[in-house]
Amino acid sequence: MNDYGALRDYLVRQKQDELVLSFEQIEEIIGAALPRAAHRASWWDSLRSPDIQMPQREACLAAGFVATRMPDGQSVRFRKQKSDRRR
């Protein structure tokens, strides 16, 4: 199992509201290969099946981002959640 804490930490440091990372970039951030399941859109969908704990989704949400796999099947869009504004 990969440690997605590094992805969470990376996202927390981002200033922009939206960014796209390739699978290769994500692998560099986490220091490991993504599983084949990462190619499925549902694996990244932060809002789908919230009762099922998945470490990559929890890392994104903990950083305040929602993840969506891009149509190219090789990258992920991360968007800051607007509902949880902190001062």
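In this text the structure is predicted, and so the values were computed from the model without any measurement.
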Review point. So, the side chain of Glu18 versus the backbone of Arg77: is there a donor-acceptor pair under 3.5 Å, distance only?
Key: no
Review point. Measuring from Arg8:CZ to Ile29:CD1, what's the distance to the nearest 0.5 Å?
Key: 13.0 Å
Check your understanding: Is the backbone of Val12 close enough, under 3.5 Å, to the side chain of Asp9 for a donor and an acceptor to pair up by distance?
Key -> no
Review point. Could you state the interatomic distance from NZ (Lys80) to SG (Cys60), rounded to the nearest 0.5 Å?
Key: 13.5 Å
Review point. Just by modelled atom types, is the Ala67 backbone N or O under 3.5 Å from a matching donor or acceptor in the Arg79 side chain?
Key: no
**Study point:** Check: Trp44 side chain, Ala38 main-chain N or O, donor-acceptor pair, under 3.5 Å
**Key:** yes
Review point. If only atom types and distance count, is the side chain of Gln25 paired as donor or acceptor with the main-chain N or O of Ser22 below 3.5 Å?
Key: yes
Review point. Between Met54 and Trp43, is any pair of side-chain heavy atoms under 4.5 Å apart?
Key: yes
**Study point:** Shortest non-hydrogen contact between Asp72 and Gln74, atoms and distance
**Key:** OD1-N, 2.8 Å
Check your understanding: Considering residues at least two apart in sequence or located in another chain, which fulfil the side chain to side chain contact (heavy atoms under 4.5 Å, CB included) criterion with Glu27?
Key -> Ala33, Leu34
Point to revise | Shortest non-hydrogen contact between Leu61 and Gln81, atoms and distance | key: CD2-NE2, 3.1 Å
Exercise for review: Indicate yes or no: at least one non-hydrogen side-chain atom of Leu21 is less than 4.5 angstrom from one of Ser75.
Suggested key: no
Point to revise | Inter-residue atom distance Asp45.CG - Thr68.OG1, 0.5 Å rounding | key: 6.0 Å
Study note, to complete from the structure: Closest non-hydrogen atoms of Phe65 and Leu11, given as atom of the first, atom of the second and distance, are CE1-O, 3.3 Å
Exercise for review: Flag the pair Phe78 / Ile26 as yes when at least one side-chain heavy-atom distance between them is below 4.5 Å, and no otherwise.
Suggested key: yes
Practice item. Identify the two heavy atoms, one from Phe23 and one from Val76, that lie closest to each other, and give their separation to 0.1 Å. Key: CE2-CG2, 3.5 Å
